[in-house]
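Here it is, the structure, as structure tokens.
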Amino acid sequence: MRYISLRIANYRGVSEAKIEFGGSGITLVRGPNEAGKTSLGEAIRLLFDYHDNSKHRDVIAIKPVHRDVGPEIELEAESGSYRFTYLKRFFKKPETRLIIVRPKPENYIGRQAHERAEAILRETLDVDLWKALSIRQGTEINQPILAGQTWLSAALDRAAGGHSADAHAEDLFEAVRMEYLRYFTESGAEKREVIEHRKALTDCHSEVQRIEQVIRDLEHDVDQAAGLKRELSRLRRSELDIVVEVEKRSTRLREIAELDQHLSDAKLKLEAATASEKAARAEQDNRERLINEIVDATKAAADMGESASSDLTSLNQAKEEFGKAQKAYSDAHKKRKEILEVIDLLRRDHEYLRAKLDLELLQERRTRIDRAREEATKSELALATNKVDEQALESIEAAQTAAISADAKLEAKAPVVLLRGLVDCGLTKDGAVIKLRQGEERSFPVPDIVKFAVPGKVEIEITAGSSVDMLARKAEEARTKLNDICTSLGITGADKAREAFEQRQKASRQIANLKQVEKENLRDLSYDKLAVFILGLQQSVPAYLPDRVLEPAILDNLVLAEAELREAEKVRDRAEKEWVNAESGLDEVKRVCEKWNNRYIEARTRWEHLKEDLTRQGRALESERATSPDEVISMAMDNAMTSVAKAHIGVIDTDSSLKALNSEKERELDRTAKESLSRILHRVTEADRELIEVSTRLKINGQDGLYEKLSLAQAALEGAKYRNASLIRRAAAAKLLYETMRQERDKAHHAYVAPLKKRIESLGRLVFDDTLQVDVSDNLQIVSRTLNGATVDFDSLSGGTKEQLSLIFRLACAMIVAMDGGAPVMLDDALGYTDPDRLRLMGAVLAKAAKECQIVIFTCVPDRYSNVGVAKEIVMR
Amino acid sequence: MVRFLHTSDWQLGMTRHFFSEGAQERFTQARFDAIRNLGRIAKDEGCQFMLVCGDVFESNQVDRKTVARAIEALKGVPVPVYILPGNHDPLNEASVYYSSVFVQGKPAHVTVITDTTPIRIEEDVQLVGGPWLSKRMGLNPFDEAITSLEPAMGVTRIVLAHGIVDSFTPNKDDPGVIAAENLEQAVNDKKASFIALGDRHSLTRVGAGERIWYSGTPEVTDFGENKAGYAHVVELDGTKVISKTIQVGQWRFIEKDRVDINADEDIEALRNMLESLEHKERTAIKLNLVGSISLSQEAVLRQSLDTTSQVFASFQLMDGGLLVLPDDADFSKLGFSGFAEATIVRLREKIAEGGIDKATARDALMLIVRLGAGVA
């Protein structure tokens, strides 16, 4: 809708006022208080809301005071495809007139005009939204309630890319919801009606089952009654048969009882006869026993006498054997004693010989030690005088080598004397004897002067020339040195030195030998201990022989003595064995001897006793026979046996008769028949009682109209099933429809909230800043504002901010619906809570919105809207 | 000459759960009224007596009130009545004929046949019945009754029997079945001049001759009984047998196995057919609808049937074979759009998908159509 012009006359205090609105954009109507601005804003609503004859207080309120004239309102506007002029005069000469010029001319007056105008409004805009976009003077700008406003919804739907919303979708949704709530609670639980339907169905089911069970029981009772009747009839027939059977068995049993009595009497007779026979037999047996006992005793006494005699013979033989055994034992004992004495002597001899040998050996060992010790002592003395040790020998040998060397050199230069033996002869050279055999030649150098002499015959002195002198001196010096060394060692020459050295070596070996000799001869003894042993033996050995018996003579050889001892021991072992055998043989014979002795004594004693018993029994038999002779007893026995035989025949005869009647079988049959009868009678009683019970039940239940009851219950169940199924089906349909529709509706709301939010934020960012975000709920309300990340609930915002956001919200709505023809936003002195800075910014908002929709502002404070950009300004006075 | 009224299967106390409210009582009353009508016919037709061949009562366990009402109705019958216990009301321990109400209230002219002993009712007329003594008989009592009989000499012997004849049942081995051959043999052997049968609810002649008949029930009891609701008047005169049937039944059970519904015309035709039926309050109807229609058509059909069905004693509709497929036309006239339209799209998708929600989705669509019409 777009307003073109508005005129009011006789309206409250205003006699006439008219404004021509701008084609689009902002129309700013300025004027002081009571100039009629608010009246203009209000007038449009009254024009459409009330008939010209309305007595509504809002209409009454516009009537001029003290003037009898009717208030007039005339609006020229475009809405949808319509352009029209609509006039109303109230109270005085009321009039309604509608002149439509487009799309085709139409004229209406009165009620028709009113209805047509309403129809145009309904057809072309959302009346609620149109009203919501007006802000009246003095009212706080709050968020309009826009949820369910189909025009806006449709526009938003379209803006969100959907189809145009259905005009009745919300109404339809509400109807669907109400249908849903017939069966379910708000929380989705089934309502009591549904639950009761279910319960009713269960109850019906139970009732049908119950009656069916009663009918089944009844049919069972019918069968049972028929069965019981058949059974009773059968039982009564059986009863008659069995009574006859019982009677028959009773007669037979009486016969059997009589025979039983007869048998009992016969058995008593037999018992008495048997007892008499037994007594007679006992007496006869007693007599025979006495006689037999005497015969036996006589024989026993004779046997015992024989036995005693035999035992005595054996005893005497045993005694003889005993004497022999005693002698054998005595011999063995003596022999053993003798050999033991021989062995003792031999053993002592052996010990003596061994001690004697030991003494010799020990003494020998000590002698060897003593000799070695003596040698060692001598060697030590020799060592003490002999100084030619290895070193001394080496220096002597060195000196000798030097002297020989000097001599050799001298000899090489010196003249040589050749001696040739013509015969074997002896001579001296420088005093030393030289033996010269015939034909032997020997050369001797002459270093200086050499003197040869044939003792007793001639002496020849040969002297060497001067060139030999020095060599001779050197040789002399060397010899002197050699002599000096020898002299210092107390020897005469090098050969002696070697000899002395050998002797010294020998002495050292002697000393070393002593230890070896001691070790070998002392062995594990010390020298002193050896001496003690020797001393002990030296005392004991000579003392033995004087004390020894002379015979036999002692052997002088330990080996022989030992052999002799071994031989004697063998003899002893044999003697020992013989002795043991003789001893055990003696014991055995002794035991046999004792045994026969005992047997003989026992046999003898018993024989005596038997002879006494025999005498006593003989006397007793004699006494018995005096009272009852043997013939009397024998006759009594014969009589008793005859009586028993007779009685026995009586018992057998009666018993045979009884067996022929088969009493056991008869009794069993009788018992069975009686029990059967009892059982039948018992069952008859029971069956009678059961039949009465069943018949009573049948009488009660059979006439209770169970068939109709079941039919009714089944009908009720069918009905309940049908109703239940129908109800559940309806409930399920309502639920599915409601849930599906709610989901679709929520989805649609979510979708069309988006363009509104976008519009609000786009406008709002002119006032706040670029971070502005608003949260718009599904029912189209700003829930919160977010600025620089800080979110504040709408209700917690300051009055000014709420006012600004609410206005922005309206402008956003108006811009959205502008595409459908739109609805003007009418502001009557709004933004009273807004500070000057924000007012300036809000001006920009209004200017931006005005590019898309018509905005009419009434104000008495012109500065408040000085920043709205292009606007048609109208001044009211 | 002997003339009598042959009837059976009164089934007094019978209930039908498919009856609408009040219909059961009318149905029950109709069965008692039938007795009175039979009595009137017996008198009008000059019958000497009435034979009721079994199942006078629906059950031995009927209510005392039912028995009392039966006695009242019997009192109004002006000729002697011979009742044969059938398989529904056998003469067992719980027999309705032993109930105190019956024993004390039974009119003197009413006789219950308790065994197969011949009953001489007139000088030359004899009745022989085979009463059921229990629900499960090892042999049909007719066989026992007929075996012990000698050919009827000089008397007209009417045999009363109850049970299905083998030619009318697939279960020929059931112990209670009567062999048609035996029936005809009995007639041929002159053991029976006429055999009056009960158990089959349709008036039916058995065999080639005129001497073996089912009377059928005097008042229909179920669908499928094609000749129920008659009184059978029989006249035996020497070699002649004259049968006459007179309608007494007031009720109808109509069953339509297949009613094709595919177009608006079919719905209209069905409506017209139902409209044209007379005595709807005494009519039980069973329809099996087959075909395919739209949601809107179904709404029309339901509305039409809802109104009509109320007046019938019973209106059973089987629509398992009727396919309801929503089409665009179902919704376009309601002008749904936005989320309402989206809702319909989703529900239609559910129907197309099939599955367990299919039927519910269809109901939901019906519901939205109904609710949409309400708010439009």
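A note on names: the letters A, B, ... follow the listed sequences, proteins ahead of strands, and every chain is numbered from 1.
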Among the listed options Thr740(A), Ile215(A), Leu698(A), Asp704(A), the residue most often paired with chain B at heavy-atom distances under 4.5 Å: Thr740(A)
Ser134(B), part contacting chain A, at a heavy-atom distance under 4.5 Å: neither
Euclidean distance, Arg729(A) CZ relative to Arg362(B) CZ, rounded to 0.5 Å: 6.0 Å
Interchain contact, Ala226(A) with chain B, by part (heavy-atom threshold 4.5 Å): backbone
Chain B contact via Leu737(A) - which portion, at a heavy-atom distance below 4.5 Å: both
pair Glu179(A)-Leu371(B): side-chain heavy atoms closer than 4.5 Å: yes
Considering all heavy atoms, the nearest Thr360(B)-Ala733(A) contact: CG2-N, 3.7 Å
Portion of Glu174(A) that has a non-hydrogen atom of chain B nearer than 4.5 angstrom: neither
Any side-chain heavy-atom pair of Thr15(B) and Leu712(A) under 4.5 Å: no
Value rounded to 0.5 Å, distance of OG1 in Thr343(B) from CD in Glu739(A): 12.0 Å
Between Val176(A), Val222(A), Asp221(A), the one whose heavy-atom pairs under 4.5 Å with chain B are most numerous: Val222(A)
Toward chain B, the part of Ala716(A) with a non-hydrogen atom under 4.5 Å: neither
Donor on one side chain, acceptor on other, Thr66(B) and Glu708(A), under 3.5 Å: yes
Basic-acidic side-chain contact under 4.0 Å: Asp223(A), Arg136(B): yes
Segment of Lys709(A) engaging chain B (4.5 angstrom heavy-atom cut-off): neither
